[in-house]
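Here is the structure we will look at, set down as structure tokens.
Numbering of ligands and ligand atoms starts at 1, following listing order.
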Amino acid sequence: MKDFFNGVRRHIGRLDAEHLREQYAHLSDELIALDTLFKTISLGIILLDEHGEIVKTNPAAKELLGIAPADALSALQIPLGKAMKRDVDITYPEERTLEIKSVPVEAGTLVYIADVTSERERTEEELRIGATRAVRDLAAGVAHEIGNPLNALSLNLQLIKRSCPDEGGVDECLRQVERLSGIIQGFLQALRPSKPNLVRGSLAEPIRSCLATMKHLFEERSISVTLNLAAGAIPSVALDSAQMEQVFFNLLKNAIEAVRDGGAVDIGISYDDNDVITTIRDNGLGMDGEQVVHLFEPYRTSKEHGTGLGLMITSRIVRDHGGTIGVESEEGKGTLFTVRLPRIERRIRALKG
Ligand code: ADP
Ligand code: MG
């Protein structure tokens, strides 16, 4: 499309009247078709100019938001010039989950709004994984069979290491075995998610213990890591500490893999009336709009040894906690992940109300 317009622009001085009429007719047909699509599609679309003002919106945007897009805009917090993806729970006109995506375009920012209520309610990722139950059980069985000998290998390697500590090759074998176990574990978890065992607690705890286990990963690449806690007592949430630790492990691991040596990762915990909000910001390579739009889908990886399962598991755990996860990213500049978990107080209020 862009090439076509640039071509016409370049040659416009040389086109005769007949040619211009032809191009005009062609363009107007296409515009009318696009305009019909824009007005009838069930996806909400808002186009913002470079200052964040609305240029164009379609009827679906208003219908999905329940109010005029202009009135919803400040609540949607669309970052300009960055790609973004996040779920928003709304209560009016009825309780629904909307997925908001935005991508920077030449003239500003394009925002998409989709109703994902039923998709999010489906607890299993059956459709997204795209495999039938039989195939999944078979795959899980095979993975399990590989897991057992791996454990035996790892144990025996550790014994060998203890009796001959100078044998350098053993360390490498152990590392590779650990890597394989990690892949198998991720795979099994993706296929057979376990429900979180929710207890009252603080998010600071799984983050601190995650940082303790990952300390060497930051240190060996001189990556600085900071933890900023909001002043005052952080409200409690209902959480499965082990599962949330995995969430932060996955997000921090990705951040480490995205930054250069000497890069920076900043973690923050804050809260508002409804949620406790954890942010993980890195100044790494960032993502383009296309990557952000498809984030959290399984098997999407840009890494040679990646599995593309980490973020899918992460978003599933967060959803099982009644929370949401969102992302903002700018190519070459960095990425910000935001995890929101509902405050216990809010839950009680919601139940009473
Ligand atoms: P994997 O890490 O195995 O590739 P993930 O599900 O954890 O799988 O991540 C999927 C993809 O999302 C990554 O391959 C990477 O392209 C992108 N990604 C995730 N986190 C970041 C980040 N902090 N910065 C840049 N890209 C990221
Ligand atoms: Mg990962």
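- Listed by number with element, the atoms of ligand 1 under 4.0 Å from a non-hydrogen atom of Gln291 are 16 (O).
- Polar contact check, Leu285 against ligand 1: no nitrogen or oxygen pair lies under 3.5 Å apart.
- For atom 8 (O) of ligand 1, the nearest non-hydrogen atom from the set Ser329, Ala255, Gly308 comes from Gly308.
- Each of the atoms 3 (O) of ligand 1 lies under 4.0 Å from some heavy atom of Thr307.
- The option from Glu257, Met287, Lys303 that lies nearest to atom 18 (N) of ligand 1, judged by heavy atoms, is Met287.
- Neighbouring protein atoms of the Mg ion (ligand 2) (N, O or S, distance under 2.8 Å, waters ignored): Asn254 OD1.
- Asp266 and Arg281 are not joined by a salt bridge, as no carboxylate oxygen comes within less than 4.0 angstrom of a charged side-chain nitrogen.
- Here the closest heavy-atom approach between residue Leu150 and residue Val177 is recorded as O-CG1, 3.7 Å.
- For ligand 1, the polar-atom distance check against Arg300 finds no nitrogen or oxygen pair separated by under 3.5 Å.
- Under a 4.0 Å N-O distance rule, the pair Asp275/Arg343 does not qualify as a salt bridge.
- In terms of hydrophobic clustering, with Ile, Leu, Val, Met, Phe, Trp and Tyr side chains grouped at heavy-atom distances under 4.5 Å, Ile32 and Ile41 are assigned to different clusters.
- Listed by number with element, the atoms of ligand 1 under 4.0 angstrom from any heavy atom of Thr301 are 1 (P), 4 (O), 14 (O).
- Evaluated by nearest non-hydrogen atom to atom 21 (C) of ligand 1, the leading choice among Val259, Asn254, Asn250 is Asn254.
- Distances from ligand 1 to the non-hydrogen atoms of Phe296 include no value under 4.0 Å.
- More than 12 non-hydrogen atoms from other residues, nucleotides or ligands lie less than 6.0 angstrom from NE2 of His11.
- In terms of protein heavy-atom proximity, atom 6 (O) of ligand 1 is nearest to Leu311 N, 2.8 Å.
- For the pair Pro342/Val237, no side-chain contact is recorded, criterion being any heavy-atom separation below 4.5 Å from C-beta on.
- Cluster annotation: Leu336 and Phe248 are assigned to distinct hydrophobic clusters (Ile/Leu/Val/Met/Phe/Trp/Tyr, side-chain heavy-atom contacts under 4.5 Å, transitive).
- In this structure, Lys85 forms no cation-pi arrangement with Phe296, as its terminal cationic atom is not both closer than 6.0 Å to the ring centre and no more than 45° off the ring axis.
- With respect to Arg175 and Glu172, a salt bridge is recorded, a charged nitrogen being found less than 4.0 Å from a carboxylate O.
- A salt bridge is defined here as a Lys NZ or Arg NE, NH1 or NH2 lying under 4.0 Å from an Asp or Glu carboxylate O, and Asp87 with Arg319 fails to meet this definition.
- Using a 4.0 Å cut-off to heavy atoms of Ala258, the atoms of ligand 1 that qualify are 22 (C), 24 (N), 25 (C).
- Asp282 OD2, 2.8 Å is the protein heavy atom nearest to atom 23 (N) of ligand 1.
- Looking only at heavy atoms of the protein, atom 12 (O) of ligand 1 is closest to Leu295 CD1, 3.5 Å.
- Tested against Glu219 for a side-chain hydrogen bond (donor to acceptor under 3.5 Å, both in side chains), the candidates Arg221, Lys215, His216 yield a single pass: Lys215.
- Leu155 and Leu157 fall into different hydrophobic clusters, defined by Ile, Leu, Val, Met, Phe, Trp and Tyr side-chain heavy atoms under 4.5 Å apart, directly or through other members.
- In terms of protein heavy atoms, atom 16 (O) of ligand 1 is closest to Ser302 OG, 2.5 Å.
- Applying the 6.0 Å contact sphere to CD of Glu205 captures no more than 12 heavy atoms from other residues, nucleotides or ligands.
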